[in-house]
Amino acid sequence: MSSRSIDSVDAVLALAREDIRGLKAYEHAQWRPELERLHANELPWSPLSCTDGAPRHHYPEPQPAELVEAMAGYYGVAADQILVGRGSDEGIDLLTRAFCRAERDAVMVCPPTFGMYAVAATIQGAGVVSAPLLPNFQLDLPAICSALQGSAAAPIKLVWLCSPNNPTGNSLQRSDIEAVIDAVRGRAAVVVDEAYAEFSSEPSWILSLPKNPHLVVLRTLSKAHGLAGLRVGAVIGHRAIIQLLRKIIPPYALPTDTVRYAMIAMEAAALAVTRERVGLLSRERERLRSALSSSPWLTRIWPSAANFLLVESRDGRAVLERLAGVGLIVRDFRGKSGLGEAIRITVGTPDQNDRIIRSLS
Ligand SMILES: Cc1ncc(COP(=O)(O)O)c(C=O)c1O
């Protein structure tokens, strides 16, 4: 590692809360599976409700080594560059808490985008500075730069970028993300949330981590891998940032069953099924988009690199009612973050998509 990049890691760590940098992490019960456990005040017997022999009466392994290895392998990083948590929501929370001092620091968001970045900041008592996306849902670089300039009173510590973006569906232009990464070097960390990366053909920003220690990438098993109900996500970044987050994640964050199913999801057979399903959903997304382009109910269907479509209509309520009439609930974004009569439709099974097409034809 060059001295320049060592300096940059120090620079990004210096942006984190001093009290968290100095924090001595909670000392959890040692993980010594070869010994019988009388060190964690657990019950020695399984609960009656569990008959399959899985040790649910034991606390799970903190940052389970096998799962961390498997996910690191899947994302192409070293095991110490990844923190596994309860969905990327947990990563958003941990990053916000590690970097933002209450009532002193701020985060930057580019709405319309995923709402948890601003919610996590508000819970932490941090400010939220908005640099709204342009009408084509791409980054407004001048607005981002001027917001960064004007932030001396409450320094922006985290810049949240989501690509493909929720709820708009588009990927942010690579040159724009690169410009933001360069603009904030030494002043803030950039987090690129890639929750929907598997549905897009863009290369992951994980590839840019080696030259950008202040870049962090969020991934999740909730979307393409179908594990939303089990809650598994990953923060991927420089090992020094990951070490910092490991200090503040609750010691037994990942439940035993979650780890077990996530391990299976990382096996070759499951990954092959995931690729097939992603292929099917991507084809269905384009089928839906083309069929809905002639819908009398809709005025616009935005292109998408994710597993959903953002659509606009003259009368959003009527669209919601028609879809409810065929048993489907979609997400109402009317009037949110500058969106007009906008509705976000998740791409479903071919049968569900047929029902959408029929009800909006
Ligand atoms: C962009 C984005 N990031 C993160 C999340 C949270 O996902 P997870 O289930 O991994 O917490 C979502 C969920 O909808 C999302 O759309």
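In listed order, ligands and their atoms are each counted from 1. Note that the structure is a prediction, hence the values are computed from the model and not measured.
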Taking the side chain as everything from C-beta on, heavy atoms only, tell me whether Glu90 gets closer than 4.5 Å to Arg231.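 In short, these two side chains do not touch, never coming nearer than 4.5 Å.
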Side chain, backbone, both or neither: the part of [X] lying under 4.0 Å from ligand 1 by heavy atom:
{"X": "Glu90", "value": "neither"}
{"X": "Met116", "value": "neither"}
{"X": "Ser88", "value": "both"}

In the protein, which heavy atom is nearest to [atom], and how far is it?
{"atom": "atom 11 (O) of ligand 1", "answer": "Arg231 NH2, 2.8 Å"}
{"atom": "atom 9 (O) of ligand 1", "answer": "Ser222 OG, 2.6 Å"}
{"atom": "atom 14 (O) of ligand 1", "answer": "Lys223 NZ, 2.7 Å"}
{"atom": "atom 12 (C) of ligand 1", "answer": "Phe114 CZ, 3.4 Å"}
{"atom": "atom 6 (C) of ligand 1", "answer": "Asp89 OD1, 3.3 Å"}
{"atom": "atom 3 (N) of ligand 1", "answer": "Asp193 OD2, 2.6 Å"}

Under 3.5 Å side-chain donor-acceptor pair for Thr349 and Asp351: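 No, no side-chain donor-acceptor contact under 3.5 Å.
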Is [X] salt-bridged to [Y], cutoff N-O under 4.0 Å?
{"X": "Glu202", "Y": "Arg174", "answer": "yes"}
{"X": "Glu286", "Y": "Arg289", "answer": "yes"}
{"X": "Asp257", "Y": "Arg56", "answer": "yes"}

According to side-chain hydrogen bond (donor to acceptor under 3.5 Å, both in side chains), does anything in residues 264-274 pair up with another residue at least two apart or in another chain? List the pairs.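 Every pair satisfying side-chain hydrogen bond (donor to acceptor under 3.5 Å, both in side chains) with a residue in residues 264-274: there are none.
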Atoms of ligand 1 less than 4.0 Å from [X] heavy atoms?
{"X": "Gly87", "result": "8 (P), 10 (O), 11 (O)"}
{"X": "Cys162", "result": "1 (C)"}
{"X": "Ala195", "result": "1 (C), 2 (C), 3 (N)"}

What heavy-atom pair brings Leu94 and Ile248 nearest, and what distance separates the two atoms?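 Shortest heavy-atom separation between Leu94 and Ile248 comes out as O-CD1, 3.5 Å.
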Can you pull out every ring pair (Phe, Tyr, Trp, His ring centres under 6.0 Å) where at least one residue sits in residues 273-323? Sequence neighbours excluded, please.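 Only Phe137-Trp302, Tyr196-Phe308 qualify under ring pair (Phe, Tyr, Trp, His ring centres under 6.0 Å).
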